[in-house]
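The block underneath contains the structure these notes are about, expressed in structure tokens.
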Amino acid sequence: MTVRVRYAPSPTGLLHVGGARTALFNWAWARRHGGVFVLRIEDTDKERSTEESERSILEAMRWLGMEWDEGPGVEGPYGPYRQSERNARYQELCARLLEEGKAYRCFCDAERLTSLREQQMANKENPRYDGHCRDLSPEEVARRMAAGEPYTVRFRVPEGETRFTDHVRGEVVFQNKEVDDWVMLRSDGSPTYNFVVVCDDADMKITHVLRGEEHLVNTPKQVLLYEALGLEVPEFGHLPLMLGADKKKLSKRTGHTSVQVYRDLGYPRDAVVNFLCLQGWALDGETEVFSVDQLVESFEVRDVSKGGAVFDPEKFLWLAGEYLRQEAPEVCAERCAPYVIEAGQMTAEELEERSGWFQEVVRGMQERVRLYSELPEKIAFLFEGDEEVSYDEKAEKNARKHEHRAEVLAAVRDTLLPTLEAGADAAALSEAGKALLAEREWKFPALGQPLRCALTGAAGGPDLFDVLVWLGPERARVRLERAIERLA
RNA sequence: GGCCCCUUCGUCUAGUCAGGCCUAGGACACCAGGUUUUCAUCCUGGCGACAGGGGUUCAAAUCCCCUAGGGGUCACCA
């Protein structure tokens with residue numbers, strides 16, 4: 001039997017990182033077993049669903065590299081893949097259950113239900129439907145329908161207990177008396193989640209339902225519905241929740257929750273995928289950094305942890321840096337480019353013209369950056385006017401520690417700049433610099449600290465000889481002259 | 001509160017299904033050293049956990065029971 005799994009987001013916002021992880025696990029599981037990954041849009045909530053949100057979710061899914069085999073834009077044998085387009089089928093199945101007495105019409109209005117709930121809570125009872133319309137006579141139902149009274153359709157939960165084997169948690173049992181006669185069809189005739197999810201999963205031949213743990217308590221309702229419909233029950237696997245620092249379900253209160261935000265913040269794509277997988281799953285307990293291929297090779301649902309995972313922004317940042325540093329400079333440069341443009345440091349055209357130069361800068365900066373977005377502020381000194389480089393306090397203090405600072409800077413101007421002009425690279429400049437120091441029997445800091453201050457105005461940063469090359473002889477000369485005066 | 005789920009370092013986790021190889025391994029963070037022209041990277045070391053209590057067993061992080069704690073969910077949302 002081919003494995004068929006699905007990810008079924010509701011288009012009511014951006015793609016949540018928890019949802020993305022669920023999708024990733026489903027996707028990996030399908031790929032691992034040569035199965036099919038279905039993407040289905042659960043837009044039964046007309047109030048909150050938007051096309052805009054659907055677009056952004058699809059875009060984020062693609063960005064993460066999850067191609068769906070069936071779903072919006074990809075024809076499949078069980079479409080359409082948007083619930084709003086499948087209404088006829090829901091009505092059909094509902095009519096069947098009604099006919100068989102497995103569901104019934106309920107004429108209780110919102111007002112009655114609300115006061116019922118309030119009363120129950122006041123009595124310290126559990127709020128639940130009281131079965132008021134469960135056994136209405138066919139005549140009464142017909143009469144009230146004819147009178148145009150609005151009604152919902154409720155599922156008639158049978159007696160007994162419902163059990164299923166969860167691939168993450170093992171055997172789970174619910175007493176049916178704890179399960180409410182839930183609403184399948186709203187009074188406007190539209191279907192609810194628990195109803196459509198079963199219809200669609202069955203129609204789409206889904207074999208494994210992997211979803212967040214918040215759905216665990218819905219499962220008995222759904223199992224019961226499969227049984228009432230005479231359908232085969234799929235296998236379930238409830239993934240642990242992703243938690244915020246407060247150990248509660250990850251929400252905006254404790255940090256960013258959408259994939260798009262991390263993308264926009266400049267996290268490498270593969271780092272996002274890798275990190276999400278680390279929440280609740282481990283390759284071997286040793287390897288933290290792994291590829292999508294490795295994920296697909298070894299992902300098993302039974303290896304998923306049971307406990308919730310606190311989302312750790314620090315570790316995420318570390319992992320982002322791991323990925324960014326491994327990138328080829330030209331790739332990294334391309335990904336940093338939008339941020340450089342946004343910061344107003346270079347235009348797209350300039351970036352194009354000086355792509356070699358920019359890549360070289362990126363290469364020199366990669367070890368010092370974790371997110372693409374971090375680059376601009378770290379190379380801002382390159383875009384300052386040469387006459388107005390601002391020295392920060394520590395840089396200037398470091399430079400002033402060396403009494404021969406002016407002399408050393410002058411020596412750099414007189415010996416290194418000509419070398420640079422002649423086309424020397426950073427390695428050659430470094431040699432020349434060291435020779436210059438050896439001559440005078442000075443240690444490196446005597447050169448490094450004044451020079452760094454002169455060139456960058458900062459106490460730390462990239463290799464000085466790289467900086468010399470990036471700046472070029474003209475600009476370096478201006479900065480040196482100015483420093484010789486200012487640091488005198 | 002009812003029901004359901006969960007519980008190994010601060011955090012992510014390996015080990016639990018098939019009890020001995022675990023004086024519990026790795027990673028992030030933190031601390032201390034080292035390399036380095038600074039910063040960063042990199043390297044070395046340190047700190048640090050089986051929620052508690054009972055069983056079962058020659059032997060329990062691993063199996064059973066209880067307690068405690070945390071979470072999820074209780075809609076004409078999904």
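Keep in mind it's a predicted model, so treat the numbers as computed, not measured. Order of the sequence lines fixes the chain letters, A, B, ..., with proteins taken first and strands second; residue numbering starts at 1 for each chain.
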Scan the side chains in residues 403-410 of chain A for donor-acceptor partners under 3.5 Å anywhere in the protein, sequence neighbours excluded, and list what turns up.
| unit_1 | atom_1 | unit_2 | atom_2 | d |
| --- | --- | --- | --- | --- |
| H404(A) | ND1 | E407(A) | OE1 | 3.4 |
| R405(A) | NE | L487(A) | O | 2.4 |
| R405(A) | NH1 | R400(A) | O | 3.3 |
| R405(A) | NH1 | H402(A) | O | 3.1 |
| R405(A) | NH2 | L487(A) | O | 3.2 |

* Scan side-chain atoms only and decide if D200(A) and Y81(A) contain a donor-acceptor pair under the 3.5 Å cut-off. => no
* Mind checking the C1' distance from G53(B) to G45(B)? Whole angstroms is fine. -> 38 Å
* Whole angstrom value for the distance that separates C1' of U73(B) from CZ of R117(A) -> 14 Å
* Is F444(A) touching bases, backbone alone, or none of the nucleic acid, heavy atoms closer than 4.0 Å? -> base
* To do: Sort and list the pairs that fulfil salt bridge (charged side-chain N to carboxylate O under 4.0 Å, His left out) and have at least one residue in residues 103-115 of chain A, not counting sequence neighbours.
  => R112(A)-D130(A)
* Asked: If the C1' atom of U73(B) is compared with that of U57(B), how far apart are they to the nearest Å?
  -> 39 Å
* Between L283(A) (CG) and A27(B) (P), how many Å, whole number? -> 15 Å
* Asked: Is any side-chain N or O of T287(A) closer than 4.0 Å to OP1 or OP2 of A27(B)?
  -> no
* **G46(B) to C4(B) separation - C1' atoms, rounded to the nearest Å** => 43 Å
* Give V289(A) one of three labels, base, sugar-phosphate or nothing, depending on what nucleic acid heavy atoms sit under 4.0 Å from its own. => nothing
* Structure fact -> Between CZ of F236(A) and C1' of C5(B) the distance, given in whole Å, is 16 Å
* To do: Pick the C1' atom in A24(B) and in U62(B), then give their distance to the nearest Å.
  => 11 Å
* Asked: Given A78(B), G71(B), C76(B), which nucleotide is nearest the side-chain atoms of K248(A)?
  -> G71(B)
* Asked: Counting any heavy atom closer than 4.0 Å, what does K249(A) reach on the DNA or RNA strands: base, sugar-phosphate only, or nothing?
  -> sugar-phosphate
* Ignoring the backbone of E314(A), work out which of C28(B), C5(B), C3(B) is nearest its side chain. => C28(B)
* Whether F316(A) and Y267(A) hold their rings parallel, tilted or perpendicular, with breakpoints at 30° and 60° -> tilted
* Looking at every strand, decide which applies to V369(A) at a 4.0 Å heavy-atom threshold: base, sugar-phosphate, or nothing. => nothing
* C1' atoms of C28(B) and A14(B), separation to the nearest Å -> 15 Å
* Nearest whole angstrom, please: distance from the P of C39(B) to the CG of L455(A). => 18 Å
* To do: Quick one: sort the Y262(A) and H256(A) rings into parallel, tilted or perpendicular, breaks at 30° and 60°.
  => perpendicular
Please write out each protein N/O paired with an N/O of nucleotides 48-53 of chain B under 3.5 Å, distance rounded to 0.1 Å.
none

* Asked: Under 3.5 Å, is there an N or O donor on one side and an acceptor on the other linking the side chain of S187(A) and the base of C76(B)?
  -> yes
* Interatomic distance at P, U13(B) relative to G1(B), whole Å -> 28 Å
* Expressed as a whole number of Å, how far does the C1' atom of G55(B) sit from that of A59(B)? -> 15 Å
* Return yes if a side-chain donor-acceptor contact under 3.5 Å exists between N126(A) and Q120(A), otherwise no. => no
* **For U36(B), the Watson-Crick or wobble partner whose two distances fall under 3.5 Å** => none
* Salt bridge flag under 4.0 Å for residues R370(A) and E322(A) -> no
* **Cation-pi geometry met for R6(A) and F37(A) (6.0 Å, 45°)** => no
* Asked: Cut-off 3.5 Å, side chains only: do S190(A) and D188(A) have a donor facing an acceptor?
  -> yes
* Inspect the contact between R82(A) and E54(A) and indicate whether a charged nitrogen and a carboxylate oxygen are less than 4.0 angstrom apart. => yes
* Partner of C30(B) by Watson-Crick or G-U wobble geometry, both contacts under 3.5 Å, or none? -> G46(B)
* Going 5' to 3' through nucleotides 6-22 of chain B, assign each nucleotide B (protein heavy atom under 4.0 Å from a base atom), S (under 4.0 Å only from sugar-phosphate atoms) or - (no protein heavy atom that close). => S----SBSS--------
* When all nucleic acid strands are considered with a 4.0 Å heavy-atom cut-off, which category describes H215(A): base, sugar-phosphate, or nothing? -> base
* Asked: For residues 244-260 of chain A, which residue pairs qualify under salt bridge (charged side-chain N to carboxylate O under 4.0 Å, His left out), counting only residues two or more places apart or in two chains?
  -> none
Grab the N/O contacts between the protein and nucleotides 41-43 of chain B below 3.5 Å, and write none if there aren't any.
| unit_1 | atom_1 | unit_2 | atom_2 | d |
| --- | --- | --- | --- | --- |
| U41(B) | O3' | R325(A) | NH1 | 3.2 |
| C42(B) | OP1 | R325(A) | NH1 | 3.4 |

* Asked: How far apart are the closest heavy atoms of L283(A) and S298(A), and which atoms are they?
  -> CD1-OG, 3.0 Å
* Asked: Centroid-to-centroid, H215(A) to H238(A), below 6.0 Å?
  -> no
* What distance, rounded to whole Å, do you find between the two P atoms, one in C17(B) and one in C65(B)? -> 15 Å
